[in-house]
There are 2 protein chains.
Amino acid sequence: MHRTKVKVVEDALDANNTIATANRADFDRAGVRVVNFMSAPGAGKTTLLERVIADLDGVRAGVLEGDVQGSMDADRLAHLHVPVTQLNTDPGFGGECHLDANMVRSALPSLPLDDLDLLVIENVGNLVCPAEFRVGEDARVMVCSVTEGEDKPLKYPLMFRTCDLVLINKVDLLPHLEFDVEELLYNLDAVHPGVPRMLVSAKTGEGVEAWREWLMGVPVPANA
Amino acid sequence: MHRTKVKVVEDALDANNTIATANRADFDRAGVRVVNFMSAPGAGKTTLLERVIADLDGVRAGVLEGDVQGSMDADRLAHLHVPVTQLNTDPGFGGECHLDANMVRSALPSLPLDDLDLLVIENVGNLVCPAEFRVGEDARVMVCSVTEGEDKPLKYPLMFRTCDLVLINKVDLLPHLEFDVEELLYNLDAVHPGVPRMLVSAKTGEGVEAWREWLMGVPVPANA
């Protein structure tokens, strides 16, 4: 009797991680670095993308826009002449509150992977569930806005803990807010010590050059 | 042979609605009006509650605080000397992104319902899933902040469509933003024509009196 012993790998039991791994393999094969871009609604993800995405010297970028409904963000990026694909999560009652690996997989045939060096996946605006679902990304970037309050890392710790870069946006509004940047950074370090962070303003352009350089530096997949 | 014909009611198949109905019956029996209070993270729910909850003339109010983790908002309300109960959604991996009827039901024994006229349930900060789950409320109030952009009703339509009042918060920041209130109201009316709305500022107090009066006017349950 031929017997095969199969070792159960915990990740393999999780359908999302299995599909995320397949996505990652496809991205790697095409030599595309992938950033999962997340924030609360209205923190400024799309504006921060508008600021940099068309101007990444030598890096051919594309965007996968995740939204519950509509294509407003994709439309905003259209004038930048980079490939933009819209993914809507609304087939259910109220729509899914996050992208998962299978949704992203369903979009792969619509993405010109061979013509891209970098793909930014703009997730649904939400600080909870998007952090739970890997989609095949190389890196995770989150935006938190100074209008949201200093307590957010403590209230949504998984999101802040699992990201590789935190963009602290709307710093142009600081003179008009009772907001303590040091307190935010203290709370950030409490849940994710030392995570890279940048103070930025999509409005004034402060910090945007550093954000552009960071995006250009996302490592090329080893298999490319 | 005795035959009973059971009519299948669609709502009865939905476990959440069944439990929400039970919650509602318990609230009604105690004569407590219940408001489900929702917004994106950092829109200002807790501050708007701090502004009014201790000062509702003749109305005995309590708060059920829903958070993924921690008790920061409940702690903020502690000095107001109203009953505050904390409900955390984090037993899972990253925590649930919304309250559902069963979570609220689990908190009922901790709530002094017989000593309350009004219970405000502060939901998890999220514009998607909280709108999908009734918890037994009489009314839904949502907060959207002018820092979030004019497009939010179009991007998160279920939330805006199912609420009974929209508080448009942080209007004190309008002079410092490129924000068109008329465009927001146009988008709001596109998804929920004529829904009551108030321009408010938790910081300056603008509109807070109207918000207080609205809260005091939530109708008493018929069965009370």
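Chain letters run A, B, ... following the sequence lines, proteins first and then strands; every chain starts at 1.
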Inset, instruction - State, to 0.1 Å, how close A:Lys203 and B:Leu177 come at their nearest heavy-atom pair, and which atoms those are. - result: NZ-CA, 4.2 Å
Inset, instruction - For each of A:Gly44, A:Gly125, A:Cys129, A:Cys144, tally heavy-atom pairs with chain B at distances under 4.5 Å, and name the one with the top tally. - result: A:Gly125
Legend entry - Atom group of A:Lys155 that falls short of 4.5 Å from chain B, counting heavy atoms: both
Legend entry - Interatomic distance, B:Leu158 atom CG to A:Asp90 atom CG [nearest 0.5 angstrom]: 11.0 Å
Legend entry - Nearest-0.5 Å distance that lies between atom CD in A:Glu96 and atom CD in B:Glu132: 7.5 Å
Inset, instruction - Please state whether the side chain, the backbone, both or neither of B:Pro157 comes within less than 4.5 Å of a heavy atom of chain A. - result: side chain
Legend entry - Residue among B:Thr147, B:Asp67, B:Leu127 with most heavy-atom pairs under 4.5 Å to chain A: B:Thr147
Inset, instruction - Taking all non-hydrogen atoms of both residues into account, name the closest pair between A:Val128 and B:Gly95 and its distance. - result: CG1-O, 3.4 Å
Inset, instruction - With rounding to the nearest 0.5 Å, note down the distance linking CG in A:Asn187 to CE in B:Met72. - result: 6.0 Å
